[in-house]
Amino acid sequence: MMLSPDQAEADLSWTQSDPESMLNGLKSAGCTSDEPTEGEEQRAKCKAEQPLSREEKRRRRRATAKYRSAHATRERIRVEAFNVAFAELRKLLPTLPPDKKLSKIEILRLAICYISYLNHVLDV
């Protein structure tokens, strides 16, 4: 986020709360303590007590092997359907030689030219 020269830092929401009130809020939530403890254990305790945000729930769900496998399957099916559509479009376009391999962008450009040509033939 860029600040304009006339925008004061006091306008920003993250500067409106002082560090003491933030620390007190974390202590009341059980996320900090004054005595030294094991770092991992304390972080795990803190995370377990806080409810997960919608974004965090989505990230965790997407991290599972089952989700990734299902997503990969859906993507494979989508790409296959996309390629079939290009193959069918390719069959409708006149080229010399007829079996010449064309990239997807070449197929689209050729289709545009062919449609323009057909419109021109209809207009004449």
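Both backbone and side-chain heavy atoms feed into the values below; hydrogens, waters and symmetry mates do not.
Put simply, the side chain of Thr64 gets close to the backbone of Arg61: a donor and an acceptor are under 3.5 Å apart.
Ion pairing between a basic and an acidic side chain is recognised when a charged N comes within 4.0 Å of a carboxylate O; Arg76 and Glu80 show no such pairing.
Just one residue in the list Lys57, Glu56, Arg62 forms a side-chain contact (heavy atoms from CB on, under 4.5 Å) with Arg60, and that residue is Glu56.
Using a 30° and 60° split on the angle between ring planes, Phe86 and Phe82 fall in the perpendicular class, above 60°.
Across all non-hydrogen atoms, the minimal contact from Arg90 to Asp99 is NH2-C, 4.3 Å.
Other residues, nucleotides and ligands contribute at most 12 non-hydrogen atoms within 6.0 Å of the OH atom of Tyr117. Other residues, nucleotides and ligands contribute at most 12 non-hydrogen atoms within 6.0 Å of the CZ atom of Arg54.
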Name every donor-acceptor pair, under 3.5 Å, that has one atom in a side chain of residues 100-116 and the other anywhere in the protein, sequence neighbours excluded.
from, atom 1, to, atom 2, distance (Å)
Ser103, OG, Glu106, N, 3.2
Ser103, OG, Glu106, OE1, 3.3
Lys104, NZ, Asn83, OD1, 2.9
Glu106, OE1, Ser103, N, 2.8
Ser116, OG, Ile112, O, 3.1

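Scored by the salt bridge (charged side-chain N to carboxylate O under 4.0 Å, His left out) test, Glu88 finds no partners at all (sequence neighbours excluded). Residues passing the salt bridge (charged side-chain N to carboxylate O under 4.0 Å, His left out) test with Glu55, sequence neighbours excluded: Arg58.
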